[in-house]
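Not measured: the values here are computed from a predicted model. Chain letters run A, B, ... following the sequence lines, proteins first, then strands; residues in each count from 1.
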2 protein chains.
Amino acid sequence: MPTALEKARQTPDSVKTRILSAARKLFGEYGFHGVTTRMIAKEVGIDISTLHYHWGDKQNLYESVLTDLSDEIHHKLVEIETLVQGKPLAVRLDVAIEVMCDYLLENPDSANLLLFSHFSKNRITSEVEAHITRHLTNIAVAMGLAVDKDHVAPQAHARVLAVWNAVINFAAGENFFRPLLKIDTQSYAAVVKETLKFILIPAFTLAKGGTEEWPSTSMPSAKNSAP
Amino acid sequence: MPTALEKARQTPDSVKTRILSAARKLFGEYGFHGVTTRMIAKEVGIDISTLHYHWGDKQNLYESVLTDLSDEIHHKLVEIETLVQGKPLAVRLDVAIEVMCDYLLENPDSANLLLFSHFSKNRITSEVEAHITRHLTNIAVAMGLAVDKDHVAPQAHARVLAVWNAVINFAAGENFFRPLLKIDTQSYAAVVKETLKFILIPAFTLAKGGTEEWPSTSMPSAKNSAP
DNA sequence: AAATGATTCAATCAAATGATGGACAAACTA
DNA sequence: TAGTTTGTCCATCATTTGATTGAATCATTT
């Protein structure tokens, strides 16, 4: 029995799918509260009641958008992992930055949506949260920052987050940053990639503070530190 | 003739100031569209009409919040610059990370608000935008990434942005990231600082790709590149 | 063709929301 | 004290917004 989401993906031009796309675009641009169901319906060219017929209430539609995006991210990460399997860390980072930048710069709404889901207090869909967490854990292991999925130190997770955020930010913030840099879209992509590599690669390759500096137990001793 | 904002700051406990604080908190948590004037009024314990009496419409209040925050950031940056004047870059970065993390982790709403102002499509208040731009330019010069305020290469701005975003993200995302890292607030601050230093300091100090790699003209040749 | 189920829209509702006007009181001024 | 300004709230309005209902249309099956 396919889920509603899978069914929608099977027929890429169905009304239901078009609603999902329009919703992703608009939610990505304006956030959950900044979008009305009427805006989405108008974007698709349908009536509000048709939207509710397919996706239930606004909250449910939003969650579906996030789940859909999470799946897409997952596929992208798998694709990257396939590309860089067995390569040294510097190469892994280089390729990952290239691919993720290309993807997110072409889908700025997705990047924005990821940001919103990270930072908005409206965080719903603990299911999606769990997915993101799993992605980050996988990346930590893949980068050699942890020996095991079940033993990722907070510092390792934090370092992955730093990489993750850096990439997403430049994609999501293009509308704000690019006018500031006074360059066109193509140059922006180039500058972003160069900057990310400049920032990220030295830290992880010049391993002064590399993988084995802190214990790989998942709970560090700092838990109850109150001076 | 003091502006309305300055006048409000002179009397820290006035109703007008309390409205501004509550507004910053709520806008930081839920974004512009996620907050109603009634929510703010209720938080302060006043009537909506009193709010409108002091700050005009919602949009104007929001802009005032952003302007106020921008001023605060400015003071913080000046404070940092005073602290690190003449020090080598590694120390400058270390201190800047420490101070900004302490400040933003104690004011997560401010960090969130900064994020919203960067990434939300609702970007109003070009005045505030200009302030942020000036801050970034100043930092670029202060970090030795440009010789002159008027000749900051896009790459230099981009590197500053990378630093800027990295710091803000960890502060704004605490509610999302900290449960993921499974540590308490204190440990979070420590881990974030360590991670930021781990990521940022090597890139800028091991100057393989340092300041003078690209020309310091503000307009690179890549402007009209269409292969 | 008739029956059935799926899809769409016009009309509408109730609640929420931004904003205003006017009454009223406190503080200040002449 | 009388008058003026400032600040606060109650009541209210016009829109917007999320959501539903019921009728009509389309597609599929029998």
Check the phosphate of C:dT8 against A:His54, side-chain N and O only, distance under 4.0 Å to OP1 or OP2. Yes or no?
yes
From NE2 of A:His33 across to P of C:dA16 the rounded distance in Å is 14 Å
The nucleotide from C:dT7, D:dT8, C:dG18 with an atom nearest the side chain of A:Tyr53 is C:dT7
Between CG of B:Asp57 and C1' of D:dT15 the distance, given in whole Å, is 15 Å
Show every donor-acceptor pair shorter than 3.5 Å between a side-chain atom in residues 105-114 of chain B and any protein atom, with sequence neighbours excluded, or say none if there are none.
| residue | atom | partner | partner atom | Å |
| --- | --- | --- | --- | --- |
| B:Asn107 | ND2 | B:Tyr103 | O | 2.7 |
| B:Ser110 | OG | B:Arg24 | NH1 | 3.0 |

Original post:
Hey, does the side chain of A:Lys58 reach the backbone of A:Phe32 with a donor-acceptor pair shorter than 3.5 angstrom?
Top reply: yes
Pull out every protein N or O sitting under 3.5 Å from an N or O of nucleotides 9-12 of chain C, one pair per line with the distance.
| residue | atom | partner | partner atom | Å |
| --- | --- | --- | --- | --- |
| C:dC9 | OP2 | A:Asp47 | N | 3.0 |
| C:dC9 | OP2 | A:Thr50 | OG1 | 2.9 |
| C:dA10 | N6 | A:Ser49 | OG | 3.1 |

Re C:dT12: Watson-Crick or G-U wobble partner, both distances kept under 3.5 Å, found to be D:dA19
When rounded to whole Å, the CD1 to C1' distance for the pair A:Ile40 and D:dT17 reads 12 Å
Does A:Thr37 make a side-chain N or O approach to OP1 or OP2 of D:dT17 shorter than 4.0 Å?
no
Check: B:Phe27 ring centroid to B:Phe116 ring centroid under 6.0 Å: no
Rounded to whole Å, CZ of B:Arg18 lies from C1' of D:dG7 at a distance of 13 Å
Whole-Å distance, A:Lys58 NZ to C:dA16 P, equals 15 Å
Under 3.5 Å, which donor-acceptor pairs do the side chains of residues 164-174 of chain B form with other protein atoms, sequence neighbours left out?
| residue | atom | partner | partner atom | Å |
| --- | --- | --- | --- | --- |
| B:Trp164 | NE1 | B:His118 | NE2 | 3.1 |
| B:Asn165 | ND2 | B:Leu161 | O | 3.2 |
| B:Asn169 | ND2 | B:Asn165 | O | 3.2 |
| B:Glu174 | OE2 | B:Arg178 | NE | 3.0 |

* To do: Quick one: label B:Val35 by what it contacts on the DNA or RNA (base, sugar-phosphate, nothing), any heavy atom closer than 4.0 Å.
  => sugar-phosphate
Per atom distances to the A:Thr36 side chain, the nearest of C:dA19, D:dT8, D:dT17 is D:dT17
Rounded to whole Å, the CH2-P distance (B:Trp55 to C:dT20) equals 17 Å
Separation of D:dT20 atom P from A:Leu51 atom CG, nearest Å, is 12 Å
Taken to the nearest whole Å, CG/A:Leu26 to P/D:dG18 is 12 Å
So, B:Thr50 versus B:Asp47: side-chain donor-acceptor pair below 3.5 Å or not? no
Within 6.0 angstrom of A:Lys25 NZ, more than 12 heavy atoms from elsewhere: no
So, for A:His131 and A:His74, is the gap between ring centers shorter than 6.0 Å? no
